[in-house]
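Dropping a structure here in structure tokens format, bear with me for questions.
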Amino acid sequence: MRFIEEKLKEKECRLTPQRRATLDVLIENQSKHLSTEDIYELVKNKFPDVGLATIYRTLQLFDDFNIIKKLDFNDGCYRYELSDDQRHQHHHLICIKCGNVYEFDDDLLDELEGKIYKSNDFTVLDHMVKFFGYCKNCKETK
């Protein structure tokens, strides 16, 4: 939390109560990949007067400052998770039937990144991989 406060402070932004509540919701629901509307509903429980526009602006600010990552799972809305500057982004397994999203932490692309660097003199800093298919529950009910 202190790291995030420092990031905002260096950009001359305050961590307002609404921004803190938004951040708290993201921290409390780290593995859920919440949409803007999901975040809005959870923040609204703490701040009933908060507006959806405030949440949109807060998420855009957090994204601009690399506090969160905006994810597109091809379901018509963006989802968010806290950014982790210390490692490559994990990958996502997305069930095309129920829409559940699962995180997959094994990074199988290190060798490919090495080849890209060697053959193109291009340094990969991060990548995002999405696998679409059927989760265990949906596969069993097919």
Side-chain angles (χ1 to χ4, degrees), residues 1-117 120-142:
M1 183 70 87
R2 182 163 303 283
F3 172 73
I4 293 168
E5 287 178 22
E6 288 173 12
K7 248 185 178 179
L8 291 172
K9 191 176 183 180
E10 73 185 37
K11 303 287 186 181
E12 299 180 4
C13 290
R14 291 184 320 118
L15 188 58
T16 64
Q18 293 85 350
R19 289 176 183 163
R20 182 176 292 280
T22 303
L23 193 54
D24 288 344
V25 163
L26 289 164
I27 290 169
E28 293 162 6
N29 297 280
Q30 284 188 48
S31 64
K32 294 188 180 171
H33 306 96
L34 300 173
S35 69
T36 304
E37 290 75 17
D38 296 332
I39 295 167
Y40 168 67
E41 289 301 323
L42 292 167
V43 172
K44 197 168 175 67
N45 291 336
K46 297 176 184 185
F47 287 92
D49 294 335
V50 72
L52 183 57
T54 299
I55 301 303
Y56 272 104
R57 284 191 304 272
T58 299
L59 292 172
Q60 184 60 54
L61 179 79
F62 288 173
D63 186 39
D64 290 346
F65 294 167
N66 199 30
I67 294 168
I68 60 172
K69 287 190 178 183
K70 187 190 299 190
L71 307 169
D72 182 0
F73 295 141
N74 298 351
D75 62 353
C77 68
Y78 288 111
R79 304 198 178 272
Y80 300 90
E81 67 184 10
L82 291 174
S83 185
D84 185 354
D85 292 333
Q86 306 307 311
R87 64 180 175 93
H88 275 341
Q89 178 168 310
H90 51 266
H91 308 302
H92 296 96
L93 310 174
I94 304 157
C95 180
I96 58 176
K97 185 171 182 182
C98 68
N100 282 336
V101 177
Y102 306 91
E103 293 181 358
F104 177 66
D105 284 321
D106 289 345
D107 195 345
L108 306 174
L109 299 179
D110 288 336
E111 186 178 329
L112 177 59
E113 287 179 16
K115 286 181 181 180
I116 289 170
Y117 179 77
N120 298 292
D121 194 22
F122 184 87
T123 302
V124 175
L125 297 178
D126 199 1
H127 58 262
M128 180 187 297
V129 176
K130 299 179 275 188
F131 295 95
F132 295 90
Y134 295 103
C135 68
K136 180 181 177 183
N137 293 334
C138 291
K139 191 168 52 175
E140 291 173 359
T141 61
K142 256 180 97 177

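In what follows, residues are counted from 1 in the order of the sequence shown. Keep in mind it's a predicted model, so treat the numbers as computed, not measured.
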Decide yes or no for Val25 and Thr22: does some side-chain heavy atom of the first lie under 4.5 Å from some side-chain heavy atom of the second?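 They are not in contact (no side-chain heavy atoms under 4.5 Å apart), so the answer is no.
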Crowded around Glu111 CD? As in, over 12 foreign heavy atoms under 6.0 Å?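 12 or below, so no.
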Ignoring hydrogens and angles, state whether a donor on the side chain of Asn45 or Glu41 is under 3.5 Å from an acceptor on the partner side chain.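 Their side chains do not contain a donor-acceptor pair, so the 3.5 Å distance test is not met.
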Are any of the side-chain heavy atoms of Lys32 and Glu81 separated by less than 4.5 Å?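 When only atoms from C-beta onward are counted, Glu81 and Lys32 do not touch, as no gap falls below 4.5 Å.
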Validation row: Tyr134, Glu140 side chains within 4.5 angstrom (heavy atoms):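 Contact flag for Tyr134/Glu140 side chains = no.
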Between CZ of Arg19 and CG of Asp24, what distance do you get to the nearest 0.5 Å?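 Arg19 atom CZ to Asp24 atom CG measures 14.5 Å (nearest 0.5 Å).
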Indicate yes or no: at least one non-hydrogen side-chain atom of Arg79 is less than 4.5 angstrom from one of Asp75.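 Yes. Closest side-chain heavy atoms under 4.5 Å.
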How about Tyr80 and His33: are their ring centres within less than 6.0 Å of each other?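 Tyr80 vs His33: aromatic centres not under 6.0 Å.
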Would you call Phe62 and Leu8 a side-chain contact if the rule is heavy atoms closer than 4.5 Å?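 Of all side-chain heavy-atom pairs linking Leu8 with Phe62, at least one is under 4.5 Å.
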Taking atom OH as the centre, does Tyr117 end up with more than 12 heavy-atom neighbours from other residues, nucleotides or ligands that are less than 6.0 angstrom away?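 Incorrect, the count does not exceed 12.
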With a 4.5 Å limit on heavy-atom distance, are the side chains of Leu61 and Cys13 in contact?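 Yes. Closest side-chain heavy atoms under 4.5 Å.
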When you compare the side chain of Ser35 with that of Tyr78, does any pair of heavy atoms fall below 4.5 Å?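 The answer is no, as the side chains (C-beta and beyond) never meet within the 4.5 Å cut-off.
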Answer yes or no: is there a side-chain heavy-atom contact under 4.5 Å between Ile68 and Ser83?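 In short, these two side chains do not touch, never coming nearer than 4.5 Å.
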